[in-house]
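Since this is a predicted model, take the numbers as computed values, not measurements.
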Amino acid sequence: MASRRPPSPPFTKGYFSAPFERFVKDDSFDSHLTSAFTLLDTVETYFDSHVDLLQRKLQKHSDRLRLKAEETFKIKDLKLGDLKIKDLSGDLLAENLEREIKSFKLKLSTRVTSLSASWQSAKVVRTREKVSFFFGVMTLLFSALMFGMAPQWVHIAYTAICGYLLPLRFYIYKKRAWHYFLFDLCYYVTILNFVFFWIFPSSPTLFLACYCLSHGSLASAVITWRNSLVFHDQDKVTSLFIHIYAPFSFTVIRHYYPNAEQRFPALATVPELNPWRALLLSGAIYAIWQLLYWKFVLVDRRAKIESGQRTTSFSFLLNDKHGVIGRALSSVPPAYREAAFMGGQFIYALLTEIPAVFLLYNSSSWSAVFLLLIFSVSVWNGGGFYIEVFGRKFERELEALRKEIAESSARASSSGTSTPGTLSRGSSSNDLSNLNNNNSDSSDSLNGEESLSPTLEAVSEQLPPPIENKKDLYFLCKSLSFS
């Protein structure tokens, strides 16, 4: 007598095909044989998932063509108007149920193939995020070590990293039609910084403008644009780097660079800072950018912006109804919004430079406190992203997966109880029962109902139970591929 085998949840014995049933745990096996089967089961689970995916891809087109050919042969003499069903034999019922099961298998196979492709895409995304996380953390560590061991290399590292991040950002933003953001002030100041580092290091005017703008508009943008220290997100890391590394570099040059006057002669001519002169020079450099931005973006490309083909920082802030700038601009008449926006930007740029010209230029301690403050804001924003945004995104994905599995379970249940006369309509067996009850005077209908009940019960036993989790879905796919 065969030994009793405990049920294998969530499916009952006999549902899986023979190749899969042989790996169901049997208490009569000794521990060595059981461990051997466990190893074989692991190997088969790993390799069969790839083999099954390839097999389903090859059979998908042939199954679709075969199903289309079978759908041309419909049940004839079915007259719903007279409430009569003819030629409802057992063979015809089995044939239609088999066709419906094949259709269900094909749909499930297509869905699993799509999920597999999504997983492959997600794997690539995860790899890219891991690389971004690695380089983000290493850049932070390298910058700290470089500041303590070789501060004269900070501006070189700033240039080298920007040489990689800025072209990459241009490519990504161009691809997404966001490249009008590259006309913003932060990129303009970044280019001016490189011009000072490598072309005009002896220009006091350019030095004052770069120092003030880097410690003003660029540093404050970490707060204004809510830059976040999210290491796995390359776009966020790039934005934070552009806004925080410029004031970091000029703080090092001003206070910690050994013999800075030899490398940057402009510092020798500006031992003490005249605040009003510094504000005037930086304001003039800023006004040049503002005029260029107005001409090339808001005038020459106005049609693309108004049509929605392109997005600028002005349109982004205007549509941001939750931000202070968006609410303030929405209260201004449309004809004066551009002027109000540019005027507000100019005043904002000058106000953010006040700490730099009155306090930071002459104090290394306050400069360190300022950088720590800006960096702490980005860390706080990054923590909020990981805990709130990232956690809620994961919760939404789980909820979507739960609904998808519930819908798949409902479709599987409805497919197992559908009638041949209404298979293509997705009706259940209750429709046929109501149809036969309404036509109880017809002996043909009664005979059809009597022959239909045992057949539906037999077929329902062969259908899978409801799918409750991803593991059930995986084993269901394996069983369908075995059959």
(Q) I'd like to check Tyr348 versus Thr352 (side-chain heavy atoms, cut-off strictly below 4.5 Å). Are they in contact? (A) yes
Q: Decide, yes or no, whether a salt bridge links Glu399 with Arg396 under the criterion of side-chain N to carboxylate O below 4.0 Å.
A: no
Q | Exercise: do Arg226 and Ser378 side chains pair donor with acceptor under 3.5 Å | A | no
**Q.** Atom CZ of Phe197: over 12 foreign heavy atoms under 6.0 Å
**A.** yes
Q) Are Tyr361 and His215 an aromatic pair by the rule of ring centers under 6.0 Å? A) no
Q: Would you check if Arg169 and Tyr187 make a side-chain contact, meaning some heavy-atom pair closer than 4.5 Å?
A: yes
**Q.** Min side-chain heavy-atom separation Trp366-Pro355 under 4.5 Å
**A.** no
Q) Between OG of Ser307 and CZ of Arg301, what distance do you get to the nearest 0.5 Å? A) 13.0 Å
Q. Between Leu185 and Trp289, which heavy-atom pair has the shortest distance, and what is it?
A. N-CZ2, 3.4 Å
Q | Gap between atom CH2 of Trp198 and atom CG of Asn193 - 0.5 Å precision | A | 12.5 Å
Q. Of all heavy-atom pairs between Glu353 and Cys212, which one has the smallest distance, and what is that distance?
A. CG-O, 3.4 Å
Q. Any chance the side chains of His155 and Tyr245 put a donor and an acceptor closer than 3.5 Å?
A. no
Q | Which atom of Ser367 lies closest to which atom of Thr251, heavy atoms considered | A | CB-CG2, 3.7 Å
Q | Charged N-O contact under 4.0 Å between Arg302 and Glu338 | A | yes
Q.
Looking at every heavy atom in both Leu229 and Tyr386, which two are closest together, and how far apart are they?
A. O-CE1, 4.1 Å
Q | Identified side-chain hydrogen bond (donor to acceptor under 3.5 Å, both in side chains) counterpart of His243 within the set Thr190, Thr238, Thr224, Asn227 | A | Asn227
Q.
Less than 6.0 angstrom separating the ring centers of Phe346 and Tyr286, yes or no?
A. yes
Q. Shortest non-hydrogen contact from Pro151 to Val252?
A. O-CG1, 3.5 Å
(Q) Do Leu165 and Cys162 have side chains that approach each other closer than 4.5 Å (heavy atoms only, starting at C-beta)? (A) no
(Q) Within this structure, what is the CD1-OH distance for the pair Ile253 and Tyr158, rounded to the nearest 0.5 Å? (A) 10.0 Å
Q) For the residue pair Leu240 and Ser228, what are the closest heavy atoms and their distance? A) CD2-O, 4.1 Å
Q. Are Tyr180 and Ser313 close enough that a side-chain donor and a side-chain acceptor fall under 3.5 Å?
A. no
